[in-house]
There are 2 protein chains.
Amino acid sequence: MHTVLIADDHMLIRDSLRQLIESLEGFTVVDDVDNGFDALVAIKKLQPSLILLDVAMPDASGIEVVIDTQRWSPDTKIIIYTGVTSGTRLKQLLDCGVDGLFFKHSDTRYLRDGINAVAEGRTAFDDKLADIIAGLEAADNLTAREKQVLSQILSGHSTRDIASYLNISVKTVDNHRTHIMRKLGTHSVSDLMRLAINTGLIDLDAP
Amino acid sequence: MHTVLIADDHMLIRDSLRQLIESLEGFTVVDDVDNGFDALVAIKKLQPSLILLDVAMPDASGIEVVIDTQRWSPDTKIIIYTGVTSGTRLKQLLDCGVDGLFFKHSDTRYLRDGINAVAEGRTAFDDKLADIIAGLEAADNLTAREKQVLSQILSGHSTRDIASYLNISVKTVDNHRTHIMRKLGTHSVSDLMRLAINTGLIDLDAP
DNA sequence: CAAAAAATAGGGTAAATACCCTATTTCGCG
DNA sequence: CGCGAAATAGGGTATTTACCCTATTTTTTG
């Protein structure tokens, strides 16, 4: 039996995904959550065989959840299910090595097939993804940790808050900040914000 | 019997809304569409008693659909169901006189109640809407100069740059910053940025 | 395994920020 | 006219950033 965790901030979607998954042979939904933080807690505790993850969620973005999942529950397969089609953001997820990615726009049949494929150890990606990635210039030399810190900065957290959240020293976060700024050619938080908005790194519809 | 048309570009949402509505007493879904153009065609032809409308759709935006609906099918009640929380857009919709507005983040129970309310001729709005509108109005309380300074801050300029640009003292700009922060209830540039994004003070569609 | 890269953490410093306060001038409006 | 709001400007301070540096421990990788 494959155990599945659903993470999406829209209740309607969570309920629908639950129905969809439990209609499949050999799958059971063990939990569903509406934010990134709860997702991480649930993943560490339940170690599900598969998570269905929205990119745009409060508290911890999809990418943070992916990275932490790979760290704390390395056998868990990850499928992204998203309405976002911003290339940069999606490419980051691919670079992190997610096992599947589907768009909410697409027919749910593709998602259904994808869930089965990923559960069997294969990868499965929406057909539209190739086109999106093809039109992208990969200006993404940030390390995973740096991306995580950047995401926190963009969420409005101070260096101290981030250090506390990640359980590392303020000085370490400060170093990450410096490296991020250098790599992205920015010199202030507002520079970072604008770059993030323009490249779609930031989720504009986050509540 | 209330006839309902569903317009949303996500198939999963369309299906879920259809289920939700048909579980209600006295409602039937007459059609569902995934873009604004098809929505208008269907509305003119079917003259449904109620439409459930996403703001962000291909071909014709939510606001266009609302205006044309009121013109060609004036008895049709309109409920917006959206993931977008950008203030200015939402305010436009309110100003157009939609009958209800709910967020995809919220519990579906509110939507269910809202559909019943609107079908009975009342209006129904998500509780969170009040906060967003409040943010907009708070921004409206800024003086002309403060708005000008805010705009510069959001464009990524430092206090010194702004002072130089406006030919005033750094200290004056600093005072304006303090007043802006106080009026908007924010405490950092990133707070300001996020508020600006959420209320639509920043044009998110700028390429 | 050895080299390279990343993550960790600390010592510094100059600048910028987020507030507190008072005080002057300017200008529209009842 | 005069009141009050707005804009101007400065004093002061605690905190935060941005960035320089070295250095150790992991992790990754050839």
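Every chain is numbered from 1, with letters handed out A, B, ... down the list of sequences.
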Under 4.0 angstrom between Thr178(B) side-chain N/O and dA18(C) OP1 or OP2: no

Results of side chain to side chain donor-acceptor pair (under 3.5 Å) for Gln148(A) - residues two or more places apart only: Asp68(A), Arg145(A)

Any Thr159(A) side-chain N or O less than 4.0 Å from OP1/OP2 of dT17(D): yes

With Tyr110(A) via ring-ring contact (aromatic ring centres under 6.0 Å, His included) - residues at least two apart: none

Met181(A) CE - dC20(D) P separation (whole Å): 12 Å

Integer-rounded Å distance: dA7(D) P and Lys147(B) NZ: 11 Å

Sugar-phosphate, base or nothing in reach of Thr143(B), heavy atoms under 4.0 Å: sugar-phosphate

Spacing of Gln148(A) atom CD relative to dA6(C) atom P, expressed in whole Å: 15 Å

Whole-Å distance separating the NE2 atom of His187(A) from the P atom of dT17(C): 14 Å

Residue pairs passing the ring pair (Phe, Tyr, Trp, His ring centres under 6.0 Å) test where at least one lies in residues 127-154 of chain B, sequence neighbours excluded: none

Could you run down the sub-3.5 Å N/O contacts of the protein with nucleotides 28-30 of chain C?
none

Partners meeting side chain to side chain donor-acceptor pair (under 3.5 Å) with Gln47(A) (sequence neighbours left out): Ser73(A)

Sugar-phosphate only, base, or nothing, as touched by Thr186(B) at under 4.0 Å among non-hydrogen atoms: sugar-phosphate

Rounded distance (Å) that lies between atom C1' of dC19(D) and atom CD1 of Ile180(A): 14 Å

Distance, rounded to the nearest Å, where Ile162(B) contributes CD1 and dA7(D) contributes P: 15 Å

Pairing residues for His2(B) by the ring-ring contact (aromatic ring centres under 6.0 Å, His included) criterion, not counting sequence neighbours: Phe27(B)

Global bending angle along the helix from dC1(C)-dG30(D) to dG30(C)-dC1(D), which compares the axes of five pairs at either end, to 10 degrees: 50°

Results of ring-ring contact (aromatic ring centres under 6.0 Å, His included) for His176(B) - residues two or more places apart only: none

Salt bridge (charged side-chain N to carboxylate O under 4.0 Å, His left out) involving Arg14(B) - partner list, sequence neighbours excluded: Asp32(B)

Gln70(A): partners by side chain to side chain donor-acceptor pair (under 3.5 Å), with sequence neighbours left out: none

Per-nucleotide protein contact string for nucleotides 8-15 of chain C (B base, S sugar-phosphate only, - none; heavy atom under 4.0 Å): BBBBB---

Residue Lys45(A) excluded, over 12 heavy atoms near NZ under 6.0 Å: no

Pairs where residues 98-109 of chain B contributes a residue and the test salt bridge (charged side-chain N to carboxylate O under 4.0 Å, His left out) is met, not counting sequence neighbours: Asp8(B)-Lys104(B), Asp54(B)-Lys104(B)

Side-chain ion pair, Lys171(A) and Asp174(A), N-O less than 4.0 Å: yes

Rounded distance (Å) that lies between atom P of dA18(C) and atom CE of Met193(B): 11 Å

Atom pair distance, as rounded to whole Å: CG in Leu192(A) and P in dA16(C): 17 Å

Along DNA chain D (nearest heavy atom to each residue), the more 5'-positioned of Lys183(B) and Arg182(A): Lys183(B)

Heavy-atom side-chain proximity of Ile67(B) to Cys96(B) below 4.5 angstrom: yes

